[in-house]
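The next block holds one structure in the form of C-alpha cells; read it before the comments.
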Amino acid sequence: MSENKRMPIEATVAELKPGMKRVNITFKVMNTSDERSVESHRDGEMHRVQDAVVGDSTGIIKMPIWNEKIDAMNEGETYTLTNGYAGLFKGSLRLHIGKFGSITSAVEPIVKVNSHFDMSAKDYGN
C-alpha cells in the first residue's frame, strides 16, 4: 500500500498551486490579523483563527492559523511547514497547515521576502 503514498513536495511560495498536498515549505510570518472566533460547520464548536501573510524570497501568500498554532507562531519569525497543503478560499489561493501538518522553527531565518508577488491576489474563480 505504501507505493500509493505521494512523496512530499519541497516548494517555494511561487510554486504553490491549488490542490497541492504534502507540501514542505519554509516561510517568514510577515504580519497577522486580529484573532477571531468562528463556529465550525462540522462540529458546531467555536475555534480561534487568525489570518497571516507569510512569504519567502519568491513571494507571499495568505495562511489561516487555527487554535493552538496561533500561540506557536510569531510575526517576523521563520518556520518550516511539513505536510501542509495549498487550497482555495473564496477563489483565492491559501497555504494551510491542516490537521496532518506540523510547524517547527526553521534552522535558517529568511531575511528577504518578495512582497511584490502575492500568490493570494490571483483570482482562481469559484
Side-chain angles (χ1 to χ4, degrees):
M1 289 195 205
S2 61
E3 58 268 14
N4 287 338
K5 296 233 182 217
R6 287 188 184 160
M7 294 298 295
I9 299 168
E10 300 289 333
T12 64
V13 169
E15 293 171 333
L16 294 174
K17 292 179 179 41
M20 286 179 78
K21 296 180 178 9
R22 298 184 54 90
V23 174
N24 296 344
I25 188 168
T26 298
F27 58 82
K28 182 176 186 175
V29 178
M30 303 304 296
N31 60 61
T32 56
S33 69
D34 290 334
E35 183 182 315
R36 63 191 186 282
S37 295
V38 296
E39 185 176 348
S40 170
H41 296 297
R42 289 189 196 124
D43 60 18
E45 291 186 25
M46 294 302 289
H47 296 275
R48 298 164 48 212
V49 66
Q50 182 178 56
D51 293 314
V53 174
V54 302
D56 63 15
S57 63
T58 68
I60 58 173
I61 190 167
K62 291 181 182 172
M63 177 179 185
I65 305 171
W66 292 84
N67 299 317
E68 72 282 349
K69 303 247 183 348
I70 292 171
D71 304 320
M73 296 175 66
N74 299 305
E75 281 187 28
E77 297 293 318
T78 303
Y79 299 94
T80 298
L81 168 59
T82 304
N83 202 25
Y85 69 96
L88 296 176
F89 178 72
K90 296 183 179 178
S92 177
L93 189 62
R94 301 284 196 270
L95 177 62
H96 296 272
I97 300 169
K99 65 181 178 180
F100 300 111
S102 64
I103 292 282
T104 55
S105 290
V107 176
E108 293 286 325
I110 292 176
V111 178
K112 188 165 173 56
V113 172
N114 179 358
S115 59
H116 300 292
F117 189 60
D118 186 348
M119 294 296 289
S120 295
K122 180 178 177 181
D123 185 2
Y124 287 87
N126 296 1

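Salt-bridge annotation for Asp123 and Lys90: absent, with no side-chain N of the basic residue lying under 4.0 Å from a carboxylate O of the acidic one.
Contact detail for Ile103 and Ile97: the closest heavy-atom pair is CG1-CD1, 3.7 Å. For the pair Asn24 and Pro8, the tightest heavy-atom approach, listed with the atom from each and the gap, is ND2-CB, 3.4 Å. When all heavy atoms of Tyr85 and Lys21 are compared, the closest pair comes out as CB-CA, 4.1 Å. Across Ala11 and Ile25, no two heavy atoms sit closer than the pair O-CG1, 3.3 Å. Of all the heavy atoms in Asn114 and Thr58, the pair that sits closest is ND2-O, 3.5 Å.
At a threshold of 4.5 Å between side-chain heavy atoms, the hydrophobic network of Ile, Leu, Val, Met, Phe, Trp and Tyr places Leu88 and Met63 in one connected group. No continuous path of hydrophobic side-chain contacts links Leu16 to Met30 [ILVMFWY only; heavy atoms under 4.5 Å].
Rounded to the nearest 0.5 angstrom, Ile61 CD1 and Asp118 CG are separated by 8.0 Å. Taking CZ of Phe117 as the reference point, atom OG of Ser57 lies at 12.0 Å (rounded to 0.5 Å). Rounded to the nearest 0.5 angstrom, Glu39 CD and Arg42 CZ are separated by 13.5 Å. Note: Lys69 NZ to Gln50 CD = 13.5 Å, rounded to the nearest 0.5 Å.
At distances below 3.5 Å, at least one donor-acceptor pair connects side-chain atoms of Asn83 with backbone N or O atoms of Phe100. Of the possible donor and acceptor atoms, one in the side chain of Asp56 sits under 3.5 Å from a partner among the backbone N and O of Val13. In this structure, Tyr79 contributes its side chain and Asn74 its backbone to a donor-acceptor pair below 3.5 Å. A donor-acceptor pair under 3.5 Å is formed between the side chain of Asn67 and the backbone N or O of Arg48. Between the side chain of Ser120 and the backbone N or O of Arg94, no donor-acceptor pair lies under 3.5 Å. In this structure, Glu35 contributes its side chain and Val49 its backbone to no donor-acceptor pair below 3.5 Å. Judged by distance alone, with hydrogens and angles left aside, the side-chain atoms of Thr78 form a donor-acceptor pair with the main-chain N or O of Ile110 at under 3.5 Å.
Heavy-atom neighbours of Glu68 CD from other residues, nucleotides or ligands within 6.0 Å: above the threshold of 12.
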Next on the checklist: Run Glu75 and Thr32 through side chain to side chain donor-acceptor pair (under 3.5 Å) and show every step you take.
Outcome noted: CA-CA 7 Å; Glu75 281 187 28; Thr32 56; 2.9 Å; yes
Checklist entry - Would Ser37 and Met46 satisfy side-chain contact (heavy atoms from CB on, under 4.5 Å), going step by step from the backbone distance to the final call? => result CA-CA 6 Å; Ser37 295; Met46 294 302 289; 3.6 Å; yes
Next on the checklist: Between Phe27 and Val53, does the side-chain contact (heavy atoms from CB on, under 4.5 Å) criterion hold? Intermediate values first, please.
Outcome noted: CA-CA 10 Å; Phe27 58 82; Val53 174; over 6 Å; no
Item to check | Arg36/Asp51 under salt bridge (Lys or Arg N to Asp or Glu O under 4.0 Å): CA gap, chis, key distance, verdict | outcome: CA-CA 9 Å; Arg36 63 191 186 282; Asp51 293 314; 3.1 Å; yes
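For the pair Ile60/Val54, no side-chain contact is recorded, criterion being any heavy-atom separation below 4.5 Å from C-beta on. At a threshold of 4.5 Å between non-hydrogen side-chain atoms, the residues Pro64 and His96 count as touching.
Partner Leu93 forms a side-chain contact (heavy atoms from CB on, under 4.5 Å) with one of Met119, Lys122, Met20 and no other, that one being Met119.
In summary, the side chains of Thr26 and Thr80 do present a donor paired with an acceptor at a separation below 3.5 Å, with no hydrogens or angles considered.
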